[in-house]
Trainee: 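Pasting in a structure now, in structure tokens, and then I'll have a few things to ask.
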Amino acid sequence: MAVQNPSIPVAAPSRTRFAVLALLFGAIGALLIDYVVSEQVGISMMALIASITMAMTSLVAIWVFRRLQLPLEAAQAVTEDQAYRLQVLEQEVAVNRAALRARQGESLTPQRALEETTQLREDLQQAQEVAELQRRSSEAMLAASDDRLVLVGLDGQIIAATRNAAALLDLMPAETVGRPFGTVFALFDVTQDEPLQHPLNARVLAALDEQAPPVPAFEALLERRARFSIKVRVECLPIRDRRSRAARLLVALHLTDGGAAVGGPEALEGGSTGDPLTGAAGAQRFERRIEELLQEARRSGNFHGVMLIAPDDFEAVYDRLGYAAGEERLWQVASLIRSHLPPGAEFYRPSAKHFAALIPEQPDSACRALAQQMCADVAARPFYRDNLTVSSSLSIGVVSIGLANTSCQDIIDRATHALKRARELGGGRVHVESLVQSMEEQAREQSLGEWLENKLLTNKLRLAAQPIVPAAANAGAPPWLELLLRIEDDDGVWLPPDHYIDVLEKLGLTPLVDRWVVDQALKPSPRATQIKNSGGRLSINIFGSSLLRDSFLQEMRELLVRSAVPTTQLCFEIEESFIVQHQQHAAAFVSMVGEFGCQIAIDRYRGGVGLTALRHVPATYIKLHESLVTRQNFDVIDRAHLDWLTSAAKLVDAKVVACAVRDDEMLERLRAAKVDFVQGFAIASPSPYSI
């Protein structure tokens, strides 16, 4: 918008005023001169001199006042320019203000406001969905991590903690978030005579100070709620932004001395004998401790209680609610059990599905009462997740260690039988197994054992085979068959061995079954020749209980030496739970078959204790657990966990096999998750394997 320069009057003398003033000064000057010369000249000459003087005086006055007028005119020009610029600026501001009011008026119309509100809501909902997916994915990653890590903010508050870090304090990760690090993870100087008088949390938080030197790793005493503390090694790892300023602090806690507790039982034991999720010691320590108590009972005559505990809803929670819920429920049950144990009692997790407790110097009656309290407490606390409720219960088998026991295996067998009996009675019960079993139970178990042995002797075991194929559509590959054990009953029906596995293991028949399966699969036959010529592969499942027998490895070696199928085309499958609980036995078998070029698959893989199995067994394949494959079709956490396991497997050059594929929709999702192989009824049903 153009603005014209207005004429603005300025307070300065005009030309007329200058002329009048000049004449006035000229007249005054003329009178003064006339007065001076009036005595020497005449009247005519005096008038001439007066006129000349007046004219000169006027000219001088005009020149003087003209010189004074120039700065005033310059000041007037500057003032006019400033006024002009100010007026232009005011008019531009007015124009901009009017335009702004116009735009605001347009945006606040009802229709425009409704459109913008709808768009904002859609954007907000999408952002919330992305944030929720990221949160759940992070939960799945944290749930699967077997490291003890704590993420701390600049304010000293805990931002996140892994499951195993929180488990050190019998907490869930969510219970640590938003609380001061020093309040939750209380660290003290283990080198002092009175450590609790020397806190070290300030040393941890000092790592966030940019001016302070780096904090080296140090040992400390971590105070726990369970009436004792444990030694840990603390590492402080600042996370810096682009300007190298500390933005977060990652605190890593490592157990020292095998996680030995100070002032309490050695409940936390790392490595192959410990469970990072619940903090319970594993099968090896459990068996060693039973041997110690058995020797003590023979010396003193005292009785010691043994409890074998199983959550009845264990598989239901995993299958219905998914991996994360299953791990959370397992942790809750372990915490409830430990809260009921008296001082001096010891807590274990001898297998993936069982907990155990040893209670020194307690008779059957006291152990029964304690077990009943555990069952009542768990039953009163159902599990809630995603608006679903899973009823909870425990089955507990109780036995005593005393003079009448013959061996550690005898005690474990009786505890297993007592637990099984508690489940047969409907679950949520306690069954005390006396040293002498009832004649009826002995007869029933003996009858079933004889029936199974007869099937073995009369060659009534059968082999079925189910194909495993590449997940990628139209991907050509040699045939790959998994051999499945079947038992032919008296009516000629092929039965899966699920209902007989416990009896087979208790009677020690699993090595015999595994030897039969391997022998039949590897001996010369048309099918063996077909597998050999096609470059295909055979997968054979091995019972974990077979690998616990020292003679089994030598027997398997002899079968592999005379195999009609190239051993490089064989793949042996071992369950993840066995590898985690018995790493030494698993490693020995893997090493032996590795000499023949055989491949290894980790079966029923959940990643339940992080990457423990993958870390210790150089597996060629991991076969995902059926519940994880099934639930990833509709559960975002299980889907994220499956993606994570797939990525982790690729980092160690392992292929991923998804079992129990039931339909095409599940198959497409698994392809999108980039699994390598698939198996299930949607691919092909099991069929007889001709020998």
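Counting from 1, the numbers follow the sequence of the chain as shown. Just so it is clear, the values below take in all heavy atoms, side chains as well, and ignore hydrogens, waters and symmetry mates. Quick caveat: nothing in here was measured; it's all calculated off a predicted structure.
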Trainee: Looking at side-chain heavy atoms only, is the closest gap between L570 and V593 below 4.5 Å?
Mentor: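 The answer is no, as the side chains (C-beta and beyond) never meet within the 4.5 Å cut-off.
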Trainee: Have a look at F572 and tell me which of F543, F589, Y621, F596 forms a ring-ring contact (aromatic ring centres under 6.0 Å, His included) with it.
Mentor: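 With F572 as partner, F543, F589, Y621, F596 yield a single ring-ring contact (aromatic ring centres under 6.0 Å, His included), made by F589.
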Trainee: Is a side-chain N or O of S647 found less than 3.5 angstrom from the main chain of D643, in a donor-acceptor match?
Mentor: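 Pair found, side chain donor or acceptor close to backbone of D643.
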Trainee: Measure the CZ-NE2 distance between R368 and H431 for me, rounded to the nearest 0.5 Å.
Mentor: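 Interatomic distance, R368 CZ to H431 NE2, rounded to 0.5 Å: 8.5 Å.
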Trainee: Any side-chain to backbone donor/acceptor pair from Q632 onto D638? Under 3.5 Å, distance only.
Mentor: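 Side chain of Q632 to backbone of D638, a donor-acceptor pair under 3.5 Å: no, none is there.
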Trainee: Just verifying a value: how many Å separate E558 CD and D519 CG, rounded to the nearest 0.5 Å?
Mentor: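 Answer for the CD-CG pair, E558 versus D519, is 11.5 Å.
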Trainee: Looking at R515, I'd like to know if its CZ atom is crowded, meaning that more than 12 non-hydrogen atoms belonging to other residues, nucleotides or ligands lie closer than 6.0 Å.
Mentor: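 Atom CZ in R515 is crowded, with more than 12 foreign heavy atoms closer than 6.0 Å.
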Trainee: Spell out, as yes or no, whether a donor-acceptor pair under 3.5 Å connects the side chain of N533 to the backbone of T529.
Mentor: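 Judged by distance alone, yes, a pair lies under 3.5 Å.
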Trainee: Look only at the side chain of D663 and the backbone of E665, and say whether a donor-acceptor pair between them is shorter than 3.5 Å.
Mentor: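 Between the backbone of E665 and the side chain of D663 there is a qualifying donor-acceptor contact (under 3.5 Å).
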Trainee: Any non-hydrogen side-chain atom of Q520 less than 4.5 Å from a side-chain atom of L461?
Mentor: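 No; the side chains remain at least 4.5 Å from each other.
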Trainee: Give me the atom names and distance for the closest heavy-atom approach of S539 to E573.
Mentor: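 Distance-wise, the nearest heavy atoms are CB-OE2, 3.3 Å.
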Trainee: On a heavy-atom basis, which atom in K523 and which in A564 lie closest, and how many Å separate them?
Mentor: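 Heavy atoms only, the tightest pair is C-CB, 3.8 Å.
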Trainee: Work out which heavy atom in S534 is nearest to a heavy atom in P478; give both atom names and the distance.
Mentor: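 Of all heavy-atom pairs spanning S534 and P478, the closest is O-CB, 3.7 Å.
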Trainee: Is the shortest heavy-atom distance from the side chain of S351 to the side chain of F578 under 4.5 Å?
Mentor: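 Result no, sub-4.5 Å side-chain heavy-atom pair not found.
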Trainee: What class does the angle between the rings of H582 and H585 fall in, given that below 30° is parallel, 30 to 60° is tilted and above 60° is perpendicular?
Mentor: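 Perpendicular.
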Trainee: If every non-hydrogen atom of A521 is compared with every non-hydrogen atom of L483, which pair is closest and at what distance?
Mentor: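 For A521 versus L483, the nearest heavy atoms are CB-CD1, 3.3 Å.
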Trainee: Has R671 got a side-chain atom pairing as donor or acceptor with A471's backbone, closer than 3.5 angstrom?
Mentor: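 Pair found, side chain donor or acceptor close to backbone of A471.
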Trainee: Heavy-atom count around R662 CZ within 6.0 Å, excluding the residue itself: above 12?
Mentor: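 Open.
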Trainee: Could you tell me whether R288 and E291 make a salt bridge, using a distance below 4.0 angstrom between a side-chain N and a carboxylate O?
Mentor: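 No, no charged N to carboxylate O under 4.0 Å.
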Trainee: When you compare the side chains of S627 and R606, does any donor N or O come within less than 3.5 Å of an acceptor on the partner?
Mentor: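 A pair is found: one side chain offers a donor N or O, the other an acceptor, under 3.5 Å apart.
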Trainee: Taking the side chain from R527 and the backbone from P524, do they hold a donor-acceptor pair closer than 3.5 Å?
Mentor: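 No, because the side chain of R527 does not come within donor-acceptor range (under 3.5 Å) of the backbone of P524.
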Trainee: Supply the atom-to-atom distance R423 CZ to L394 CG, rounded to the nearest 0.5 angstrom.
Mentor: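 Between atom CZ of R423 and atom CG of L394 there are 10.0 Å.
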Trainee: Has the side chain of S546 got a donor or acceptor atom that lies under 3.5 Å from a matching backbone atom of T510?
Mentor: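 Present.
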Trainee: Determine, stepwise, if the pair W516 / N459 fulfils side chain to side chain contact (heavy atoms under 4.5 Å, CB included).
Mentor: CA-CA 10 Å; W516 180 87; N459 199 24; 3.4 Å; yes
Trainee: Carefully, step by step, assess L485 and V517 under the rule side chain to side chain contact (heavy atoms under 4.5 Å, CB included).
Mentor: CA-CA 8 Å; L485 177 66; V517 171; 4.0 Å; yes
Trainee: Examine the side chains of N454 and E450 and answer whether a donor and an acceptor come within less than 3.5 Å of each other.
Mentor: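 Per modelled atom types, N454 and E450 side chains form no pair under 3.5 Å.
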Trainee: Quick one: do M307 and M374 satisfy side chain to side chain contact (heavy atoms under 4.5 Å, CB included)? Show the steps, please.
Mentor: CA-CA 11 Å; M307 293 183 185; M374 291 180 186; 4.0 Å; yes
Trainee: Students often mix this up, so state it plainly: with edges at 30° and 60°, are the rings of F347 and F355 parallel, tilted or perpendicular?
Mentor: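 Ring orientation, 0 to 90° scale: parallel.
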Trainee: Between the side chains of E482 and N541, is a donor N or O closer than 3.5 angstrom to an acceptor N or O?
Mentor: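 Result is yes, a qualifying pair exists.
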Trainee: Ignoring hydrogens and angles, tell me if any N or O in the side chain of Q466 forms a donor-acceptor pair with the backbone of A684 under 3.5 Å.
Mentor: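 Indeed, once roles are kept as given, a pair shorter than 3.5 Å links the two residues.
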Trainee: Is it true that a side-chain atom of T646 and a backbone atom of L642 form a donor plus acceptor pair closer than 3.5 Å?
Mentor: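 Present.
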Trainee: R549 versus E555: any side-chain heavy-atom pair under 4.5 Å?
Mentor: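 Counting from C-beta outward, R549 and E555 never come under 4.5 Å.
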Trainee: Return the minimal non-hydrogen interatomic distance between R537 and C571, and the atom names on each side.
Mentor: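 So the minimum-distance heavy-atom pair works out to CD-CB, 4.1 Å.
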Trainee: Salt-bridge test for R285 and E346: reply yes if a basic N is under 4.0 Å from a carboxylate O, no otherwise.
Mentor: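 A salt bridge is absent here (no side-chain N lies under 4.0 Å from a carboxylate O).
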Trainee: Taking the side chain as C-beta and beyond, is there a heavy-atom pair between I411 and L293 under 4.5 Å?
Mentor: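 Contact flag for I411/L293 side chains = no.
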Trainee: Look at atom NZ of K655 and say whether more than 12 heavy atoms of other residues, nucleotides or ligands are closer to it than 6.0 Å.
Mentor: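 Result for NZ/K655: open.
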Trainee: Go through the steps for I487 and L452 under the test side chain to side chain contact (heavy atoms under 4.5 Å, CB included), then give the verdict.
Mentor: CA-CA 9 Å; I487 300 175; L452 289 172; 3.9 Å; yes
Trainee: I want to check something: taking the side chain as every heavy atom from C-beta on, are P688 and R462 in contact at a cut-off of under 4.5 Å?
Mentor: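 No; the side chains remain at least 4.5 Å from each other.
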Trainee: Once you round to the nearest 0.5 Å, how far does CE of M592 lie from CG of L547?
Mentor: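 Going from CE on M592 over to CG on L547, the span is 9.0 Å.
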Trainee: Tell me if a side-chain donor or acceptor on K532 pairs with a main-chain N or O of P566 at a distance below 3.5 Å.
Mentor: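 No; zero donor-acceptor contacts below 3.5 Å.
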Trainee: How many angstroms lie between CD1 in I683 and CG in D664, if you round to the nearest 0.5 Å?
Mentor: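 Here the interatomic distance stands at 8.0 Å.
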Trainee: Is there a side-chain contact between K455 and D490, using heavy atoms and a 4.5 Å cut-off?
Mentor: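 Contact flag for K455/D490 side chains = yes.
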Trainee: Nearest 0.5 Å, what's the CZ-CZ distance between R631 and R639?
Mentor: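 Result: 10.5 Å between the selected atoms.
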Trainee: Contact between V306 and L358 at the side-chain level, heavy atoms closer than 4.5 Å - yes or no?
Mentor: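 In contact.
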Trainee: Which atom pair, heavy atoms only, marks the closest approach of V398 to A371?
Mentor: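 So the minimum-distance heavy-atom pair works out to CG2-CB, 4.3 Å.
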